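One-based numbering, in listed order, for ligands and for the atoms of each. Worth saying up front: this structure is predicted, and the values here are computed from it rather than measured. Numbers for residues simply follow the sequence, beginning at 1.
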Amino acid sequence: MSLGRFITLEGGEGTGKSTLLAALRERLEAAGKAVILTREPGGTELAEAIRNLVLHPPEGQVWSSMAEALLMNAARTDHLEKKIRPALEAGSWVLCDRFADSTRVYQSVQNGVSANVLKLLESSVLGATYPDLTLVLDAPVDQAAGRRAERGGSADAFELRDKTFHEAVRQAFIDVAHSEPARCALIDASRTAEDVAEAAWRQIEQRLGGFSGDAS
Ligand SMILES: Nc1ncnc2c1ncn2[C@@H]1O[C@H](COP(=O)(O)OP(=O)(O)OP(=O)(O)O)[C@@H](O)[C@H]1O
Ligand SMILES: [Mg+2]
């Protein structure tokens with residue numbers, strides 16, 4: 001049994017990560033792969049409990065960037081140990097909605113934690129388990145906000161920040177993609193969901209390959 005592959009989806013709120021995740025699952029399963037969908041923060045019972053604390057802090061309370069960075073990394077440790085690594089070892093393809101790049105971005109923008117500290121935490125927690133491919137979804141902030149508004153639902157602690165924050169997040173994700181081109185593919189997510197899925201699939205085929213009917 002060969003190892004599975006680890007693909008992460010990153011980008012600002014409303015860029016279409018969750019939508020793309022579902023489309024990629026279908027395509028991978030059609031290609032004969034065992035697929036596991038998961039998300040961050042979260043993915044395991046303990047990590048979901050941390051997610052709730054981070055995204056919905058008690059009324060009137062705000063986490064500092066450093067506290068958030070530590071909580072995200074604590075959640076990620078549990079997620080890697082209990083879900084992601086076992087799934088990869090069992091040969092599954094793991095598709096994760098947000099991962100370590102979201103911590104690089106959200107916990108550093110607007111005078112957050114220094115990149116050096118975040119990198120040290122990241123490498124300590126990930127060890128050898130870096131994604132094989134990271135799809136970074138990029139769309140104009142207003143377009144992404146419009147999609148979120150149409151989707152409805154209640155806003156969490158990150159969604160409530162202002163437009164300057166979302167512009168900084170967008171640029172920081174672009175910077176991540178440019179800084180690690182071997183791992184990351186920047187995807188223009190302003191197009192239709194079908195076109196975005198097609199572009200993402202092309203990246204998966206080119207970079208991770210091996211879909212010519214084999215089920216390995
Ligand atoms: N390419 C697209 N074109 C138009 N609408 C889209 C596209 N992709 C997703 N949507 C719609 O936009 C909304 C947000 O998409 P989605 O929930 O996938 O984004 P997300 O990146 O997962 O957001 P969040 O960060 O808030 O979880 C949904 O209503 C979805 O149906
Ligand atoms: Mg989502």
Evaluate the side-chain hydrogen bond (donor to acceptor under 3.5 Å, both in side chains) criterion for residues S190 and D188: first the C-alpha distance (whole Å), next the side-chain angles of each, then the deciding distance (0.1 Å), finally the verdict.
-> CA-CA 6 Å; S190 68; D188 173 3; 2.7 Å; yes
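Salt-bridge check for R207 with D132: failed, with every basic side-chain N at 4.0 Å or more from each acidic carboxylate O. E48 has a carboxylate O that lies under 4.0 Å from a charged side-chain N of R39, or vice versa, which qualifies the two as a salt bridge.
Here the options are T38, I36, L24, the test is side-chain contact (heavy atoms from CB on, under 4.5 Å), and the partner is L95; only L24 passes.
Atom numbering of ligand 1 starts at 1 in the shown order; those under 4.0 Å from a heavy atom of T192 are 1 (N). Of all the atoms in ligand 1, the ones that sit under 4.0 Å from a non-hydrogen atom of R98 are 25 (O). For ligand 1, the atoms closer than 4.0 angstrom to any heavy atom of T15 are 21 (O).
Looking at R191 against ligand 1, only its backbone comes within 4.0 Å, counting heavy atoms. By the criterion of a heavy-atom distance under 4.0 Å, neither the backbone nor the side chain of L137 is placed next to ligand 1.
Comparing R148, R39, K17, E10 by heavy-atom distance to atom 25 (O) of ligand 1, the nearest is K17. Ranked by closest heavy atom to atom 24 (P) of ligand 1, the top entry among R151, Q143, R147 is R151.
Counting only heavy atoms of the protein, atom 30 (C) of ligand 1 lies nearest to T19 OG1, 3.6 Å. In terms of protein heavy atoms, atom 22 (O) of ligand 1 is closest to S18 OG, 2.8 Å. Taking atom 19 (O) of ligand 1 as the reference point, the nearest protein heavy-atom neighbour is G16 N, 3.2 Å.
With no hydrogens or angles considered, a side-chain donor-acceptor pair links E122 and Y130 at under 3.5 Å. If you check the side chains of D175 and Q171, you find a donor sitting under 3.5 Å from an acceptor. A donor atom on one side chain and an acceptor atom on the other are found under 3.5 Å apart for R76 and T103. R98 and Y106 share a donor-acceptor pair across their side chains, judged by distance under 3.5 Å alone. Between the side chains of Q107 and S65, no donor N or O sits under 3.5 Å from an acceptor N or O.
Here's the thing with G14: one of its N/O atoms is less than 3.5 angstrom from an N/O atom of ligand 1. Checked by distance only, ligand 1 and D97 stay at 3.5 Å or farther apart across all their nitrogen or oxygen atoms. Residue-to-ligand polar distances place A193 within reach of ligand 1: an N/O pair is separated by less than 3.5 Å.
Heavy-atom distances between E194 and ligand 1 stay at or above 4.0 Å for every pair.
Within the coordination shell of the Mg ion (ligand 2), defined by N, O or S atoms under 2.8 Å, T19 is absent.
Around CD of E26, the count of heavy atoms belonging to other residues, nucleotides or ligands within 6.0 Å does not exceed 12.
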